[in-house]
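Atoms within a ligand are numbered from 1 in the order they appear, just like the ligands themselves.
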Amino acid sequence: MSTDRSAADAAVTVLGLGPMGRALAGAFLDAGLRTTVWNRTPGRDRELVERGAVGAGSAAEAVAASALTLVCVVNYDAADTVLRDGPVIDALKGRTVVNLSADTPDRARDTASWAEAHGIRYLDGAIMTPTPTIGTPAAVFLHSGPEDLYREHRPVLDALGGSHTHLGDDIGRAAAYDIALLDLFWTATAGFAHALAVARAEGVTARELAPFAQGIAAILPPLIEEWADDVDGGTFSGEGNPITSAVSSMAHIIQTSEAHGIDAAVLRTAEGQARRVIGLGHGTDGFMRVTEVLGRR
Ligand code: NDP
């Protein structure tokens, strides 16, 4: 690698300038790092270049400008298209890639194997907060892969603001957290969309429901703490809210939804899992017992 190490340490490359890639590059510029950017579709770097970024003519040229390259594109198919290209591979040898694109743990492991075979140092990561948080204390980044490599690049990563957590050497771990947390997010979001449709069918507007919906969301943080202990400890206390009571409440929602012609398939599935738990003789347990029927340990 010909780049002067001390200069390169204060430099960073960002490949992929969608909303998130632009936010990452913007935070690096705000922190005073020499920031080189590239995107498949030309022109997306205009504002960043006006702010002082170096707009590279190719991904290989961008990679050659820094010891550390962050990739942030839609998924690993896109990341592969960008990275697994002859001149880019040549430029990456001996340098570090942090892949912040979202995908599955298996894809992260596959990319790590590919990187190792080509002499490329590789870390995987996940961003858990939206673009306006980047560069602020509210940003949340998860990282996995070799700890020494993470420590080496941590000063540059810190320029993105927020919290950075190294989850261990298993390269798939950041994606595993990402998948589980997005499972929670999207299931909750789909649940809220469904709730709004049922409310509307009953003549209740989204605006009218919103403050009470926030109240329901506020119940969850302490329950998450309690349920985490239940699931790890295999205790599943149903004291105060046994699963028999939960299925009764779920049945009312299904009944009301279907009376309005609203598909209740998601809740029907969850209710079916809860009834299975009761059928197995655990009716006095709490709802989290369903984790046992969803995936047997
Ligand atoms: P997108 O997920 O829409 O990704 C857009 C980027 O992917 C653009 O740079 C686009 O290039 C590139 N891209 C798509 N297909 C290809 C391809 N075949 N080859 C090369 N590049 C390709 O937007 P975001 O920037 O928001 O997200 C980037 C990543 O960050 C995603 O994995 C997302 O899940 C994650 N993320 C985003 C958050 C957000 O709030 N936006 C929050 C947390 C994570 P082009 O301009 O040429 O189309």
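- Taking CG of Leu267 as the start and CD1 of Ile254 as the end, the distance is 4.5 Å to the nearest 0.5 Å.
- In this model, no donor atom of one side chain and acceptor atom of the other lie less than 3.5 Å apart for Ser113 and Glu116.
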Pick out the protein N or O atoms lying less than 3.5 Å from any N or O of ligand 1, and list each pair with its distance.
| from | atom 1 | to | atom 2 | distance (Å) |
| --- | --- | --- | --- | --- |
| ligand 1 | 7 (O) | Val74 | N | 3.1 |
| ligand 1 | 9 (O) | Leu17 | N | 3.2 |
| ligand 1 | 9 (O) | Gly18 | N | 3.3 |
| ligand 1 | 9 (O) | Asn39 | OD1 | 2.7 |
| ligand 1 | 18 (N) | Arg40 | NH1 | 3.2 |
| ligand 1 | 25 (O) | Pro19 | N | 3.2 |
| ligand 1 | 25 (O) | Met20 | N | 2.9 |
| ligand 1 | 32 (O) | Val73 | O | 3.0 |
| ligand 1 | 32 (O) | Val74 | O | 3.1 |
| ligand 1 | 32 (O) | Ala102 | N | 2.8 |
| ligand 1 | 46 (O) | Asn39 | ND2 | 2.9 |
| ligand 1 | 46 (O) | Arg44 | NH1 | 2.2 |
| ligand 1 | 47 (O) | Arg40 | NE | 3.0 |
| ligand 1 | 47 (O) | Thr41 | N | 2.9 |
| ligand 1 | 47 (O) | Thr41 | OG1 | 2.5 |
| ligand 1 | 48 (O) | Arg40 | NH2 | 2.9 |

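- Classification of the His143-Tyr150 ring pair by plane angle, with boundaries at 30° and 60°, yields tilted.
- Ring pair His118/Trp114 is tilted by interplanar angle, where 30° to 60° counts as tilted.
- Between Asp77 and Thr81, the side chains place no donor N or O within less than 3.5 Å of an acceptor N or O (distance only, hydrogens not considered).
- Donor-acceptor pairing under 3.5 Å is recorded for the side chains of Thr96 and His153.
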